[in-house]
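Notes to accompany the following structure.
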Amino acid sequence: MDKEAEKELLSIEGMIEKIIYQNDENGYTVCELATPSDELFVLVGSMPYLCEGESISALGDWVTHPSFGKQFKVEYYEKQLPATANMILKYLSSGAIKGIGPSTAKKIVAQYGDETLDVLENHPEWLADIPGISARKARDIGETFRTQFGMRSVMLFCANYFSPAVSMKVFRKWGVGAVDIIKENPYMLCGNISGIGFDKADSIARDLGMRENSPERIAAGISFVLSYNMNQNGHCYLPQEKLIPAAVTLLGCSAEDAEDELARQVMLRNFRSAQIGGRTCIYLREAFEAERYICTKMDALELTDHLSDTDNLNFLIQKAELENGLHYETLQKKAIMEAVKNSVFILTGGPGTGKTTVVRAILRIFECMGLGIALATPTGRAAKRLSEASGMEAKTIHRMLEMDYKTDEGSSFRRDENYLLDEDVIIIDEASMIDLYLMEALLRAIRPGTRLIMIGDANQLPPVGAGSVFKDILTSERFSSVELTHIFRQAQESLIVTNAHTVNRGEHIDLTKKDGDFFYLPSESDEHTAKIIATLCKTRLPRAYGTTVYDGIQVITPSRKGQNGTEMLNHALQSAINPAEYGKKEKKFQEQIYREGDKVMQTRNNYDIAWKKNGIEGFGIYNGDIGIIRAIDLVGQTFTIDFDGRIAEYDFSLLEELELAYAITVHKSQGSEYPIVVIPLYRYTPKLLTRNLFYTAITRAQQMVILVGQGDVAHMMTDNNRQTKRYTGLGYFMTQYD
C-alpha cells in the first residue's frame, strides 16, 4: 500500500460480530465490528472471505450513507489470527472453517487449546485422534484451513499493489502459490490477470528488485507491444522493424537486447515469425495459430463437391420467384446458384442491392433440399434484424457456439472440434464485423462438408477486434463470391441508400435536399451543434415521430474526443434527457456519473456476466451491447441493467466496462441499425474523418439520417479515402494454398 495514502487513512480494529451482506464474486462486504471498547460499528468495503468471529485491523475513513447513516469505508484490511483458546473457539464455532461446527470446535480446542491453529495448519492429521473426526475429514479440514490462510497471505501481499477485487482474481488463478509465482516473475500478472497491465507488473518488478534488462521484462514488454497493437489498432502482427523500436522506447533497453530476447522467444515458439511481403513479421502465438487455422479449415471446407445438388436448381429458383412474387436480377440469380454449388461462398454489396432477397431465396431452396440451416450474426441487434428479415430464428455467433462460462480462466465455446454444429448450412450475416478469434472459433465448430455462406459489406469499417477477416477472405479470391451492385427501384427512393452509394463512389451528396429521409441542419459552431442534437433527441424527434433515445434515436459520431465526441455529447444528452432528480439513485465512477434510467453500452466482451430473459438464464454481455440502467443498489453495490430484455446484474467493479450510450462512436455502431441516426459534422483528425467511416454511419439508419454541423465536413470525409492499415497475414496465407 502507498505509504502516503496510508498516512491519510484512519484505522480501526476489532472482531466481526455479524456479516450483514457479502458478495462472493468481488468480496464486497457489509458487517458489524465490535471494538475492544465494546463499541459496534458498521464496516463496508471489499473484504473477501471474511467470517464472523474473525479479528481484523482495517484502514479507511468514515462516510455517511443517505439511508444507513455512519459507516466505516474500508480501503485496506488485515485478518488477525485469534490468539487465545476462547477466541479460537468463537472463531471456529462461527463456521469459518468448512467441516468444523460448534460441537467439533469445542472438541478440538479442548484438546489443543492455544495451539489449535498451529495444529490445523501444520499437523491436521492429529485431528483424527479426536472422536468423531476421521482421517479423511482431518485432511479436508487441514486443506481448507491452509487454503483459507494461504489466501490471507496472498491478499496481504497483493494489498500493496491491487484492490481486493483484483487480489481475489490473483488468488483464484494461482491459489496459495500466487506469491511465489509473482516473486519469481511478476510479468506473469499482465498476461494472465485481467485488469493488470504491463505498467503495474513493471512497478511490482522494480519493488522486487528485478533488473531492467532482465529477459522476463524484455519478453513481457515485447508481448505488451504486440497485444496493445492488436487490441487498439487491430494488428495481427507487427513487422520486426517496427516492433523493435517500439519495445526499446517502452523498455529503455538496447535494440540488441530486444532483438536477442525476441529471437529467443521465437525459438521457444512463444512468439511466431513469418515472412510476408519480404518482411519479417512477428505474431503472438495465438494470433499466428488462428490465422493458419482459418486458412487450413476453409481450404478443407472448399474441397467438398456440391455440384450434384444443382441438377434442378433452375427449377427451385423459379419456384422461389413465384412464391415470393418477384424476379431475381442477374447478379442475384448468380449469387443464389453460387451459394448452392459451393461449400464456401461470400456475398457482398451495399444497401438496397438485394442481399436480404438473396438470403430468403437461399433459405427456401435449402429447405426444399431438406438441409439443416443455422443463421447467425456477430451481434444481438443484427441477429434480431436478420430474424425479422428472413422469418427464421437467427442467433449471435456466441450463442450458436454455446459460450461456456468460466470464472477467471477466460471463456470458451462448447461447440468445437469435439462437439460440432449439426447444421448442413451455416449463414453468417454482417460478416465484416467478425474478428480473428471469433472466426477461428466458428470454423472449429463447423463439420467437414458443411456449406459456409458469409454476407457483408466490404466497404464498411473493419471489425472492432483484431484482423480484417471478411475483407482478407474476399480479396484473396480463393473462394466463390458475388458483389451485388444494382440498386433496386424501391431503394432508389430512399436518400439514405442513394447518398450512401454516392459517398462510397467518392461523390459529394446534395445537402440542400430537405425532403425524404435524409436531412442536413447547419450549425454555426461545434457548441451550437451539441445544443441542436440535445434538442432533437429530447424534444423535436420524440414529438414528431414518437420515438426516443431508448427505442429508436441514436447519435453516432466519429470520435470519443472533441466538442461533438461521445464524451462531451453524452454529458450534454444525459443532462437534457436524464437529469438528476430527488429519489433517482446515481453512482459516480471516475469522472462519470451513472443514474437510474441512463442508456449505457458494454465496451468489451465479458463472457462471465450472468443474465436472465423470460425465465431463460445465460452468460455473456458483449462489446457494443446497449442497455438501460433499471436500478442502482448502493448497499449491495450493483447495477441492474436491461439489455433488450436480458436482465443483468453488474457489480460496481465492472463499471470500467460501461460507458454512456446516448452517443456512440461509428466503430461501436457496427452491426446495428437504428430507426433514426443523428450524425454530428465537425472538424477532427483526418485519421477518423474518412469515407468508409461516413458510409458506415449513414448505413446504420433504417428510416432517417440527420446530419448536424458543418456541411463541408461531409465533403471532406467523402474525399478522404484513407484506409486504416491493419497488419494481417490471412490474405497472404490463403494465396499460398494450391
Side-chain angles (χ1 to χ4, degrees), residues 190-191 194 197-199 218-251 255 258-259 261-263 265-266 269-295 378 431-441 458 460-476 559-560 603-605 623-624 665-668 670 685-688 690 692-693 696 722-736:
C190 55
S194 62
F198 175 81
D199 287 346
I218 295 174
I222 294 172
S223 179
F224 172 77
V225 173
L226 290 170
S227 297
Y228 178 87
N229 278 277
M230 173 176 284
N231 296 328
Q232 298 298 317
N233 302 316
H235 298 314
C236 296
Y237 69 79
L238 285 181
Q240 182 167 331
E241 72 266 21
K242 291 184 177 291
L243 172 62
I244 292 299
V248 168
T249 300
L250 173 72
L251 297 166
E259 289 169 353
E261 184 57 29
L262 174 61
Q265 292 297 325
V266 168
R269 300 176 75 83
N270 292 327
F271 301 140
R272 303 298 296 273
S273 175
Q275 293 296 317
I276 300 175
R279 291 170 128 178
T280 300
C281 303
I282 306 300
Y283 285 82
L284 293 171
R285 184 182 67 249
E286 297 83 0
F288 179 83
E289 292 174 352
E291 283 196 344
R292 298 310 296 260
Y293 181 82
I294 291 170
C295 290
S432 63
M433 291 185 64
I434 299 178
D435 65 28
L436 178 69
Y437 294 118
L438 186 58
M439 188 66 187
E440 179 193 17
Q460 290 188 17
L461 293 170
V464 175
S468 298
V469 174
F470 184 73
K471 189 173 183 179
D472 286 347
I473 293 172
L474 190 62
T475 56
S476 74
S559 171
R560 295 179 59 84
T603 61
R604 67 183 69 167
N605 289 338
N623 190 355
T665 62
V666 180
H667 285 84
K668 293 292 188 181
Q670 289 176 263
T685 171
K687 182 180 178 181
L688 287 176
T690 63
N692 67 341
L693 185 138
T696 301
R722 171 177 177 162
Q723 300 288 326
T724 302
K725 172 66 178 175
R726 287 198 171 189
Y727 291 117
T728 70
L730 184 60
Y732 169 77
F733 291 142
M734 283 184 165
T735 63
Q736 303 306 297

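- Ring-plane geometry between Tyr727 and His235 is classed as tilted, the angle between the planes lying from 30 to 60 degrees on a 0 to 90 degree scale.
- When all heavy atoms of Tyr283 and Ala274 are compared, the pair lying nearest together is CE1-CB, 4.2 Å.
- Note: His667 NE2 to Ser559 OG = 10.5 Å, rounded to the nearest 0.5 Å.
- Between Arg726 and Val464, the shortest heavy-atom distance links the atoms NH2-O, 4.2 Å.
- The shortest distance between side-chain heavy atoms of Leu238 and Ile282 does not fall below 4.5 Å.
- Contact detail for Thr728 and Gly467: the closest heavy-atom pair is CG2-CA, 3.8 Å.
- Other residues, nucleotides and ligands contribute at most 12 non-hydrogen atoms within 6.0 Å of the OH atom of Tyr228.
- In plain terms, the two heavy atoms of Gln265 and Asn270 that are nearest each other are OE1-ND2, 2.6 Å.
- With rounding to the nearest 0.5 angstrom, the CZ atom of Phe271 is 8.0 Å from the CD atom of Glu261.
- Between the Thr685 side chain and the Leu688 main chain, no donor and acceptor come within less than 3.5 Å of each other.
- Side-chain contact between Glu289 and Arg272 is present, with at least one heavy-atom pair separated by less than 4.5 Å.
- Taking the side chain as every heavy atom from C-beta outward, Arg279 and Lys242 approach each other to under 4.5 Å.
- A 4.5 Å side-chain heavy-atom check between Gln275 and Thr280 finds at least one atom pair inside the cut-off.
- Contact detail for Cys295 and Leu730: the closest heavy-atom pair is SG-CD1, 3.6 Å.
- Under the 3.5 Å distance criterion, the side-chain polar atoms of Ser223 are left unmatched by any main-chain donor or acceptor of Ala219.
- A 4.5 Å side-chain heavy-atom check between Pro463 and Ile434 finds every atom pair outside the cut-off.
- Remark: the backbone N or O of Leu461 is paired with a side-chain donor or acceptor of Thr696 at under 3.5 angstrom.
- How far CG of Asp199 is from CG of Leu250: 7.0 Å, rounded to the nearest 0.5 Å.
- Leu251 and Ile218 get closest at one heavy-atom pair: CD1-CA, 3.7 Å.
- A distance of 9.5 Å separates CZ in Phe224 from CG in Asn231, rounded to the nearest 0.5 Å.
- Side-chain contact between Ile294 and Met734 is present, with at least one heavy-atom pair separated by less than 4.5 Å.
- Counting only distance, with no hydrogens or angles, the side chain of Gln670 and the backbone of Pro462 share a donor-acceptor pair below 3.5 Å.
- Rounded to the nearest 0.5 Å, atoms CZ (Arg285) and CG (Leu226) are 12.5 Å apart.
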Set out, in order, the CA-CA distance, both residues' side-chain angles and the distance that settles side chain to side chain contact (heavy atoms under 4.5 Å, CB included) for Phe198 and Val225, then state yes or no. CA-CA 10 Å; Phe198 175 81; Val225 173; over 6 Å; no
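- Counted by atom type alone, Tyr237 and Glu291 present zero donor-acceptor pairs between their side chains at under 3.5 Å.
- You'll find the side chain of Gln723 reaches within 4.5 Å of the side chain of Lys471, heavy atoms only.
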Working note: Lys668 + Thr603, criterion side chain to side chain contact (heavy atoms under 4.5 Å, CB included); need CA distance, chi angles, decisive distance, verdict. CA-CA 8 Å; Lys668 293 292 188 181; Thr603 61; 4.3 Å; yes
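- The distance from the CG atom of Leu474 to the OG atom of Ser468 is 12.0 Å, given to the nearest 0.5 Å.
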